[in-house]
Asks: 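Right, I'll just put the structure down here and ask away after.
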Amino acid sequence: EPITARFALPPGARFISVAIGAESQKQLLASDFGYGFVTELANLQSKNQKGKAMLKVPEGANALPALPVEDPERQHLVAVTSEGYLLAIALKDLPVLPKGKGNKIIQIPRKKLVGREEVLRHLVVFDPDAALVIASGKRTFRLTPEVLKDYFGERGKRGRKLPRGFRTVDRITVEKVETAAAGGAADKAPEQVAKELAVVGVEVGGDLQLAERVVLLFAGGVGGGKAQMGLCLLRVERRGGAEVFDGRGRGRGLFGRAC
C-alpha cells in the first residue's frame, strides 16, 4: 500500500524519510542550513492526515532525513557540508525539543547558504567506539576514533576540511572498530606501529628516511591487524611476508598516494 494513501500531502510536498519505533524512540531532525534538534517519535504523531508542523525550515532550506538516536547522552554526531567541512560534536549538545528550528550544528557562511553554494549534506549519529568510512566516488577514507579527535569541536563551529580528494562526500557509513583478537594488534601509537613493522621484517623501500615519514603519517594506529592513515591514502595490511608499497603504489600491502 502506498504511503500517500494514508496522508493528504499539500501541493509540492514530498516524503523525505520514514521512521518507525516506540513513542519514546528519539529522532534527530535537521535542515540542510545546519540547524537541528532531538525529539521523540511521540511528538511526531498526528491525527490529521495533513500532518503537523515539527521542523521549522528556514526559507531556501530543505529538511534532511530523520536519524534514529539510541542514547543522546553518549553518542556523537558528525556533520559534513557540500564543501567538505566536517565537524564532530557530542550529541548531547543539541537540545531536546517537541518541535522547532533547533540549534546551529555547523557554521556555514550566510552568503553561501542563501545562494545554496554550500549546505549541510550529511549527518551521522555514531557511537564513541565506531569508525566512519567516507566514500567519494570509488575511493574511501576511514576515520578511526583516534583520527576523529582532530575533527571534534564546539557545536556551531566551522569544522575542518577533509583531505583533498574526499571533499565531495557521496556517503558515510558507520563501522564498528575491531577489538584486538588473539595474536592480533590493538590500537597503538605510531611509534609502536613502526616497531612492530620492523619486527616482522617489513622493508620500507630500503630507505630510512621513508621509514621516518611513515611513522609521522601513521595517525590512525593499528586495529584488527591493519594500520590506517589519518591524512594520507596509505594503509598497511599484515600479511605474512608482505612487501610495503612506496607512495606511488608499487608492491603489495601498502597502497595509495603520497601526501
Asks: With sequence neighbours left out, which residue pairs that include part of residues 80-115 fulfil the ring pair (Phe, Tyr, Trp, His ring centres under 6.0 Å) condition?
Replies: none
Asks: Would you sort out whether Asp32 and Arg121 count as a salt bridge (charged side-chain N to carboxylate O under 4.0 Å, His left out), showing the intermediate values?
Replies: CA-CA 6 Å; Asp32 63 4; Arg121 187 73 72 198; 5.9 Å; no
Asks: Does the side chain of Pro95 reach to within under 4.5 Å of the side chain of Asn103, using non-hydrogen atoms?
Replies: yes
Asks: So, are Glu73 and Lys92 salt-bridged, with charged N and O less than 4.0 Å apart?
Replies: no
Asks: Please answer whether the main-chain N or O of Asn43 pairs with a side-chain N or O of Lys52 as donor and acceptor at a distance below 3.5 Å.
Replies: yes
Asks: Determine, for Arg110 against Glu117, whether the closest basic-nitrogen to carboxylate-oxygen distance falls under 4.0 angstrom.
Replies: no
Asks: Identify, with sequence neighbours excluded, every residue that meets ring pair (Phe, Tyr, Trp, His ring centres under 6.0 Å) alongside Phe126.
Replies: His76
Asks: Give a yes or no on whether a salt bridge exists between Glu175 and Arg142, defined as a side-chain N under 4.0 angstrom from a carboxylate O.
Replies: yes
Asks: Rounded to the nearest 0.5 Å, what separation is found between the CD atom of Gln75 and the CD atom of Glu70?
Replies: 5.0 Å
Asks: Can you see which heavy atom on Val78 is nearest to which on Ala88, and at what distance?
Replies: CG2-CB, 3.7 Å
Asks: For residues Phe33 and Pro58, report the shortest heavy-atom separation together with the two atoms involved.
Replies: CD2-CB, 3.8 Å
Asks: Side chains of Glu118 and Ser82: any donor to acceptor distance under 3.5 Å?
Replies: no
